Amino acid sequence: MMETRHARIRNVTEEVLSDNWYVLKKVTFEYRKDNGVWEKQTREVYDRGNGATILLYNRENQTVVLTRQFRMPTYKNQNPTGMLIETCAGLLDRETPEATIIRETEEETGYKLKKVQKVGEAYMSPGSVTEIVHFYVAEYDATMASGRGGGLDEEQENIEVLELPFRQALDMIRTGEIRDGKTILLLQYADLHGLFEREADITPPGQKPLHILVAGPYRSGTGDDPKRIEQNVRFMNEVALQIYEAGHMPVLGEWYALPLIATAGSTGIGDGTFNCIFHPSAVRLINHCDAVLRVGGPSTGADEMVKIGKEKGKQIFGRLEDIPKLH
């Protein structure tokens, strides 16, 4: 059962250890363990406010804008130069996260943004730091350049602006040249969500090769006569060939199930081993397909494949002619 807020916490007391830069507190509290026993615990909590960060990307040039600056904590922990490559970021200062990141972007990078897209938020070091970071992405181009960037002198910022090829930036994660968590997350987001796909690289609707499950009668109407079953499979294979010739990748559940059934030691159609594999394997296969094509005569099993395909959001074709031809 989900705990309500503070249901396991009581008797919270705080002691300020430092407020020289931000606020470091010693927090003492009682925590109720699973066995019901209340245990006294102490933690140090660093409150530096919440922040926002952004990845600037240019789809046409396939580039990103990052920053490089000295970070004393990294210098104290295995970073000999103390220099860190990061996405532009800043703390919220009585502003919304969006307003903050637009302002910080211009101050640090020199690019003046009109709109940004929020892609998420996260606690970055929840064991000791209260901060939530709001993540953004935005496209940029040369017309948005309003200044040199580099940060504010009064905030002792000395920021170098970097424009790097996106693929190089991704590779710098692998090499260890980029080790900042928020930057890694945003670069990987850009990769996973195709931010750098040019319009010409995106397959137009109806022209994407599909993985299509051919669903038709196997045993239905055959009386389990091997010759009639063979005719059904031959018919579905012929349909599959036409799908392949249209530029797609066909598959029959029988292609997977029958060899498995034989290897598992089935002694005949409809025995326990057959039933354990034949239909369930087709259901699993739907998860790996884009579409289902229903062919042939009556078949309870084939109709169920169509039903399951619809439930899983797959494309359903009732005729071979409805499948777009790519070749």
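What you see is a predicted model, and the numbers here were worked out from it, not measured in a lab. The residues of the chain are indexed from 1 along the displayed sequence.
You'll find the side chain of Trp38 stays beyond 4.5 Å of the side chain of Tyr31, heavy atoms only. A 4.5 Å side-chain heavy-atom check between Thr109 and Leu56 finds at least one atom pair inside the cut-off. At a threshold of 4.5 Å between non-hydrogen side-chain atoms, the residues Val45 and Val23 do not count as touching. Thr183 has its side chain within reach of Leu66: a pair of non-hydrogen atoms, C-beta onward, lies under 4.5 Å apart. Side-chain contact between Thr63 and Tyr57: absent, with no pair of heavy atoms (C-beta onward) separated by less than 4.5 Å. Taking 4.5 Å as the limit, every side-chain heavy atom of Val119 sits out of range of all side-chain heavy atoms of Tyr136. Counting heavy atoms from C-beta outward, Leu24 and Val16 have side chains that stay 4.5 Å or more apart. The closest side-chain heavy-atom distance from Lys314 to Ile286 is below 4.5 Å.
For residues 252-264, the pairs satisfying side chain to side chain donor-acceptor pair (under 3.5 Å) are Asn237-Trp255, with sequence neighbours left out. Listed by first then second residue, pairs satisfying ring-ring contact (aromatic ring centres under 6.0 Å, His included) with a partner in residues 68-102 read Phe70-Tyr75, not counting sequence neighbours. Within the structure, the salt bridge (charged side-chain N to carboxylate O under 4.0 Å, His left out) test picks out the following pairs touching residues 272-298 (sequence neighbours left out): Arg294-Asp303. Sorted by first and then second residue, the side chain to side chain donor-acceptor pair (under 3.5 Å) pairs with a member in residues 210-219 read Arg219-Asp224; sequence neighbours excluded. Sorted by first and then second residue, the salt bridge (charged side-chain N to carboxylate O under 4.0 Å, His left out) pairs involving residues 130-147 (not counting sequence neighbours) are Arg48-Glu131, Arg59-Glu139.
Summarising the geometry, atom NZ belonging to Lys227 is positioned 13.0 Å from atom CD1 belonging to Ile229; distances are rounded to the nearest 0.5 Å. We find the OH-CG distance between Tyr111 and Leu113 to be 10.5 Å, quoted to the nearest 0.5 Å. Atom-to-atom distance recorded for Leu170:CG and Leu164:CG is 11.0 Å, nearest 0.5 angstrom. Atom CG in Asp47 sits 12.0 Å away from atom OG in Ser128 (nearest 0.5 Å). To the nearest 0.5 Å, atom OG1 of residue Thr74 and atom CG of residue Asn79 are 3.5 Å apart. Atom CE of Met236 sits about 11.5 Å away from atom CD1 of Ile243, to the nearest 0.5 Å.
One hydrophobic cluster holds both Ile9 and Val27 under the rule that ILVMFWY side chains link at heavy-atom gaps under 4.5 Å. In this structure, Leu320 is a member of the same hydrophobic cluster as Phe235, with clusters built from ILVMFWY side-chain heavy atoms closer than 4.5 Å. Hydrophobic clustering of Ile, Leu, Val, Met, Phe, Trp and Tyr side chains at less than 4.5 Å, counting indirect connections, keeps Leu285 apart from Phe278. Criterion: ILVMFWY side-chain heavy atoms under 4.5 Å apart, direct or through other members. Under it, Leu213 and Met249 are not part of a common hydrophobic cluster. In this structure, Val239 is not a member of the same hydrophobic cluster as Leu241, with clusters built from ILVMFWY side-chain heavy atoms closer than 4.5 Å.
Scanning both residues, Val64 and Ala169, for their nearest heavy atoms gives CG2-CB, 4.1 Å. Gly270 and Asn275 make their closest contact through O-ND2, 3.0 Å (heavy atoms, listed as atom of the first residue, atom of the second, distance). Residues Pro298 and Pro217 share a closest heavy-atom pair of O-CB, 3.8 Å. A pairwise comparison of heavy atoms in Val12 and Phe29 identifies CG2-CB, 3.9 Å as the closest pair. Listed here is the closest heavy atom pair of Gly253 and Ser281: O-OG, 4.4 Å. Closest non-hydrogen pair, Gly309 versus Val292, comes out as CA-CG2, 4.4 Å.
Within 6.0 Å of the CG atom in Asn287, the count of heavy atoms belonging to other residues, nucleotides or ligands exceeds 12. Counting non-hydrogen atoms of neighbouring residues, nucleotides and ligands closer than 6.0 angstrom, the CD atom of Gln78 reaches no more than 12 such neighbours.
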Arg68 vs Asp180, test: salt bridge (charged side-chain N to carboxylate O under 4.0 Å, His left out). Steps then yes/no.
CA-CA 11 Å; Arg68 178 160 47 202; Asp180 173 64; over 6 Å; no
Apply the test side-chain hydrogen bond (donor to acceptor under 3.5 Å, both in side chains) to residues Thr67 and Glu160: give CA-CA distance (whole Å), side-chain angles for both, the deciding distance (0.1 Å), then the verdict.
CA-CA 6 Å; Thr67 66; Glu160 180 185 358; over 6 Å; no
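Checked against side chain to side chain donor-acceptor pair (under 3.5 Å), Glu39 has the following partners two or more places apart in sequence or in another chain: Gln41. Residues satisfying the salt bridge (Lys or Arg N to Asp or Glu O under 4.0 Å) test with Asp322, not counting sequence neighbours, are Arg319. Under the ring pair (Phe, Tyr, Trp, His ring centres under 6.0 Å) criterion, Tyr189 pairs with His193, sequence neighbours left out. With sequence neighbours excluded, no residue forms a salt bridge (Lys or Arg N to Asp or Glu O under 4.0 Å) with Lys310. For Glu95, the side chain to side chain donor-acceptor pair (under 3.5 Å) partners two or more places apart in sequence, or in a different chain, are Thr100, Arg103.
Asp271 places a side-chain N or O within donor-acceptor distance of the main-chain N or O of Gly268, the cut-off being under 3.5 Å. Between the side chain of Gln62 and the backbone N or O of Phe196 there is at least one donor-acceptor pair closer than 3.5 Å. In this structure a side-chain-to-backbone donor-acceptor pair under 3.5 Å is present from His248 to Leu210.
If you chain together ILVMFWY residues whose side-chain heavy atoms come under 4.5 Å of each other, Tyr123 ends up grouped with Ile132.
A salt bridge links Glu30 with Arg10: at least one charged nitrogen is closer than 4.0 Å to a carboxylate oxygen. Between Lys25 and Asp19 there is no salt bridge, since no side-chain nitrogen of the basic residue lies less than 4.0 Å from a carboxylate oxygen of the acidic one. Between Lys307 and Glu311, at least one side-chain N (NZ, or NE/NH1/NH2) sits under 4.0 Å from a carboxylate O, which counts as a salt bridge. The pair Lys26-Glu44 fails the salt-bridge criterion, with no side-chain N (NZ, NE, NH1 or NH2) lying under 4.0 Å from an Asp/Glu carboxylate O. Salt bridge annotation for Glu121-Lys118: present, with a cationic side-chain nitrogen under 4.0 angstrom from a carboxylate oxygen.
There is a side-chain donor-acceptor pair under 3.5 Å between Glu177 and Thr175. Looking at Glu304 and His279, their side chains do bring a donor and an acceptor atom within 3.5 Å of each other. Counted by atom type alone, Tyr140 and Thr105 present zero donor-acceptor pairs between their side chains at under 3.5 Å.
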Distance-only donor-acceptor pairs under 3.5 Å for side chains of residues 83-92, two or more places apart:
unit_1	atom_1	unit_2	atom_2	d
Glu86	OE1	Arg71	NH2	3.1
Glu86	OE1	Lys182	NZ	2.7
Glu86	OE2	Arg71	NE	2.6
Glu86	OE2	Arg71	NH2	3.3
Thr87	OG1	Thr53	OG1	2.7

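In summary, of the residues considered (Leu293, Val283, Ile316), a side-chain contact (heavy atoms from CB on, under 4.5 Å) with Met305 occurs for Val283 alone.
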